Structure formats: C-alpha cells, structure tokens
Amino acid sequence: MGTEISTTATEYDNTGQWDFHEIKKEWRGAVDFIYTNSLDHAYDPQKAVRTWIQCLNENGLCFIEWWGVVHPEPVPNDPFSATYDGFTRLLQEWGSQDNYRTQDVLPLELSKRKGPARGRQGGVFVLERIKTL
C-alpha cells in the first residue's frame, strides 16, 4: 500500500490520496515497515519522519532511501535537501527528540542509479523506534 498527495493517487492500485506528514488514527502502531524515497518532497521532513515512526508497530522499521543533495537550491517539488552526512546528523538529532534511532545504513550501488543522484553517496537509512519501559 502507498500514499500519494496527488489527486490522481486513486488511479493506481493499492494507492490512496494522503499527505504523508499526517497520520490516520488506525495507522498508529500498526505497520511492520515503511519504505520511502520521497523525503525530499517533504515540506517538514522532521514531521514526516516522526509520523512514519508513530505508524510502526513495536518491531517495525522505517527505510528511507537517501542520495544527498540533488538540487543545489530547494525547488517546489523537492523542498528538502541535505548532504548525506548532513542527513545522518539530522536523523540523529530528530531521533533524540522523537524517540527513534538509526539502526543501520545500507549502502546503495551508485553505478546503477540513474538521474541527477548518479555519482552521489547513497544509502537506505533503517530507523527503529526506541523502546520505552
């Protein structure tokens, strides 16, 4: 299942129209995993990640594909940008505030990447909720 903010979202199988910055009550704590390569589209990336973490069940994981800076300046469809190292630091900072941590970073093979991210350092950041007693 996926979400898409576009009004054309429902034209695609298993896709609903929804802003990924927001959470539906029934999604809270109900998801095994979330995968996204869309964080660069977030107008509030910390809120988006916080929302995804809140959707995870106790053992759930959030996978964020990140390729670093694609556009030197924010553009309307990609308002969020950060270097790979900067993104790593942001996740650490946000996670300490929002009760999650980076469990692992899976490197991506850059030679297979097409488009503007080609040649940049990339990875899939694996986030987990910090379990509280």
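All values below were derived from every heavy atom in this structure, side-chain atoms included, with hydrogens, water molecules and symmetry-related copies excluded. If you're wondering where the values come from, they're calculated on a predicted model, not measured in any experiment. Nothing fancy with the numbering, it's 1 onward along the sequence.
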Might you confirm whether atom [atom1] of [X] has over 12 heavy atoms from other residues, nucleotides or ligands at distances under 6.0 Å?
X	atom1	answer
Gln17	CD	yes
Asp13	CG	no
Tyr35	OH	yes
Tyr43	OH	yes
Glu26	CD	yes

Do [X] and [Y] have side chains that get closer than 4.5 Å, going by heavy atoms?
X	Y	value
Asn57	Asp32	yes
Gln46	Asp98	yes
Phe80	Leu39	yes
Leu91	Trp66	no
Val49	Cys62	no
Glu93	Arg89	no

Is there a donor-acceptor pair closer than 3.5 Å between any side-chain N or O of [X] and the backbone N or O of [Y]?
X	Y	value
Arg28	Gln54	no
Thr51	His21	yes
Thr102	Asp104	no

Practice prompt. Report yes if the distance between the aromatic ring centroids of Phe125 and Tyr84 is under 6.0 Å, otherwise no.
Written response: yes

Practice prompt. Assert yes or no for the condition that the ring centre distance of Trp27 to Trp18 is strictly below 6.0 Å.
Written response: yes

Item to complete: Apply side-chain contact (heavy atoms from CB on, under 4.5 Å) to the pair Thr10 and Thr15, showing each step before the final yes or no.
Response: CA-CA 6 Å; Thr10 56; Thr15 305; over 6 Å; no

Worksheet item: Is there a chain of hydrophobic side chains (I, L, V, M, F, W, Y, each step under 4.5 Å between heavy atoms) that links Trp52 to Ile23?
Response: no

Worksheet entry | Exercise: do His41 and Asp78 side chains pair donor with acceptor under 3.5 Å | yes

Worksheet item: Would Glu65 and Trp67 count as having a side-chain donor-acceptor pair, cut-off 3.5 Å?
Response: yes

Indicate the atoms forming the closest heavy-atom contact of [X] with [Y], along with that distance.
X	Y	value
Val105	Gly123	CG1-CA, 4.3 Å
Pro79	Ala42	CG-O, 3.3 Å
Ala82	Leu90	CB-CD1, 4.3 Å

Practice prompt. In plain terms, say whether Glu128 and Arg101 are close enough for a salt bridge, that is, a side-chain N and a carboxylate O under 4.0 Å apart.
Written response: yes

Discussion item. What's the separation between atom CD in Gln92 and atom OH in Tyr100, rounded to the nearest 0.5 Å?
Written reply: 10.5 Å

Item to complete: Could you tell me the separation between the CD1 atom of Ile130 and the CD atom of Gln103, rounded to the nearest 0.5 Å?
Response: 12.0 Å

Discussion item. side-chain contact (heavy atoms from CB on, under 4.5 Å) for Ile53 and Leu127? Distances and angles first, verdict last.
Written reply: CA-CA 8 Å; Ile53 295 299; Leu127 308 180; 4.0 Å; yes

Discussion item. Using side-chain contact (heavy atoms from CB on, under 4.5 Å), reason through Val124 and Ile64 one step at a time and then give a plain yes or no.
Written reply: CA-CA 5 Å; Val124 176; Ile64 301 175; over 6 Å; no

